[in-house]
Amino acid sequence: MNILVLILTIVYGAFFCFAGIMHFIKPQFFKDFIPNFFPKKLVNYGVGFVEFTLGLGLFFNPTTKYASLGIFILLIILLPIHLWDFTKKKPAIGSKKLAMIRIPIQFLFMYGIYIVYQNHS
C-alpha cells in the first residue's frame, strides 16, 4: 500500500469517526441539514452511528474495503442533502457560496475514498 492510500485511509477514518461522534455530542448542528419531512433525531443519530462505524472500519485491514465502499455509498446518499441545502434561501451552514463549494468537495471526498477502496484487497 502506498503512502497516499495510507494517509487517505487514516484521514477518512479519523474524519468519519469524529463526524459520527459529533452527531451525538452536537445534534443541534445537524438539524438544519435534515429536511423537515424526515424524523430529525432518528436520521441524525442513525447517520452518526453509520459514519462512526464506517470510519472505525477503515482502521482494520479486514474491513477497510467494505468500510470504504460504505463511505462512498453514504456520500452518494448524502449528496442530495448538499444540493438541497444550496437551493435553500439560508443554507444550514454559512453562505450560499459555502453551500455551493461543499458540492464539488463532496465529489472530491468520493474520489478520495474510491482511491482507498481500489487499493485495498
Side-chain angles (χ1 to χ4, degrees):
M1 172 180 0
N2 69 37
I3 191 74
L4 173 64
V5 176
L6 179 60
I7 291 169
L8 286 173
T9 303
I10 293 168
V11 168
Y12 275 87
F15 177 80
F16 276 86
C17 283
F18 175 76
I21 290 169
M22 292 310 292
H23 279 270
F24 292 92
I25 294 175
K26 301 250 184 203
Q28 285 298 105
F29 176 81
F30 297 95
K31 74 175 178 58
D32 291 333
F33 285 105
I34 304 166
N36 290 330
F37 54 86
F38 285 118
K40 290 191 181 246
K41 278 188 179 182
L42 178 65
V43 169
N44 179 57
Y45 293 139
V47 170
F49 176 78
V50 169
E51 285 180 348
F52 179 79
T53 303
L54 292 173
L56 192 62
L58 288 178
F59 292 114
F60 301 98
N61 235 11
T63 58
T64 301
K65 188 132 182 136
Y66 299 112
S68 57
L69 178 60
I71 290 171
F72 185 83
I73 292 168
L74 182 65
L75 290 171
I76 290 171
I77 291 169
L78 296 178
L79 181 59
I81 295 294
H82 293 290
L83 296 170
W84 169 74
D85 192 47
F86 173 68
T87 64
K88 292 183 349 188
K89 186 174 185 174
K90 185 178 182 313
I93 185 170
S95 64
K96 280 273 209 191
K97 189 176 185 178
L98 281 175
M100 182 183 70
I101 290 170
R102 281 197 340 260
I103 296 167
I105 288 173
Q106 186 84 350
F107 286 102
L108 186 62
F109 283 162
M110 290 164 67
Y111 180 67
I113 202 65
Y114 177 74
I115 290 171
V116 173
Y117 173 78
Q118 282 294 102
N119 288 281
H120 278 85
S121 49

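Positions are given from 1, in the same order as the sequence printed here.
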Return the set of residues passing side chain to side chain contact (heavy atoms under 4.5 Å, CB included) with Lys97 (not counting sequence neighbours), or none when no residue passes. Ser95, Ile101
How about Gln118 and Val5: do any of their side-chain heavy atoms sit closer than 4.5 Å? no
Minimum-distance pair of heavy atoms, taken over all atoms of Trp84 and Thr87: O-OG1, 2.7 Å
Check whether any side-chain heavy atom of Ile10 lies under 4.5 Å from a side-chain heavy atom of Ile7, and answer yes or no. no
Any salt bridge linking Lys88 with Asp32? Criterion: basic side-chain nitrogen under 4.0 Å from a carboxylate oxygen. no
If you count every heavy atom of other residues, nucleotides or ligands that lies below 6.0 Å from Phe59 atom CZ, does the total exceed 12? yes
Around atom OH of Tyr66, are there more than 12 heavy atoms of other residues, nucleotides or ligands at under 6.0 Å? no
Approximate separation, where rounding is to 0.5 Å, of Phe72 CZ and Tyr111 OH: 11.5 Å
Is the backbone of Val50 close enough, under 3.5 Å, to the side chain of Thr53 for a donor and an acceptor to pair up by distance? no
Between His23 (side chain) and Asn44 (backbone), is there a donor-acceptor pair under 3.5 Å? yes
Donor-acceptor contact below 3.5 Å, side chain Lys96 vs main chain Lys90: no
To the nearest 0.5 Å, what is the distance between CD1 on Ile105 and CG on Leu98? 8.5 Å
If hydrophobic clusters are built by linking Ile, Leu, Val, Met, Phe, Trp and Tyr wherever their side-chain heavy atoms come under 4.5 Å apart, do Ile25 and Phe52 end up in the same one? yes
With heavy-atom distances below 4.5 Å as the criterion, would you say the side chains of Leu54 and Tyr12 are in contact? no
Is Ile81 reachable from Leu108 through a run of hydrophobic residues whose side-chain heavy atoms are each under 4.5 Å from the next? no
Would you name the heavy atoms of Leu58 and Ser68 that are closest together and state the gap between them? CD2-N, 3.7 Å
Is Lys31 reaching over with its side chain to a backbone N or O of Lys40, donor-acceptor style, under 3.5 angstrom? no
Quick one: CD1 on Ile3 to CG on Leu8, what's the gap to the nearest 0.5 Å? 10.5 Å
Set of side chain to side chain contact (heavy atoms under 4.5 Å, CB included) partners for Leu75, sequence neighbours left out: Phe16, Ile71, Gln106, Phe109, Met110, Ile113
For residues 50-67, which residue pairs pass the salt bridge (charged side-chain N to carboxylate O under 4.0 Å, His left out) check, not counting sequence neighbours? none
Is there a side-chain contact (heavy atoms from CB on, under 4.5 Å) between Phe30 and Met22? Walk through the geometry before answering. CA-CA 9 Å; Phe30 297 95; Met22 292 310 292; 4.1 Å; yes
Which atom pair, heavy atoms only, marks the closest approach of Gly57 to Ala67? C-CB, 3.6 Å
Take atom CZ of Phe18 as the centre, draw a 6.0 Å sphere, and report whether it contains more than 12 heavy atoms from other residues, nucleotides or ligands. no
Is it the case that over 12 heavy atoms from other parts of the model lie below 6.0 angstrom from the CZ atom of Phe33? yes
For the atom pair CZ (Phe107) and CD1 (Ile76), what is the distance rounded to the nearest 0.5 Å? 9.0 Å
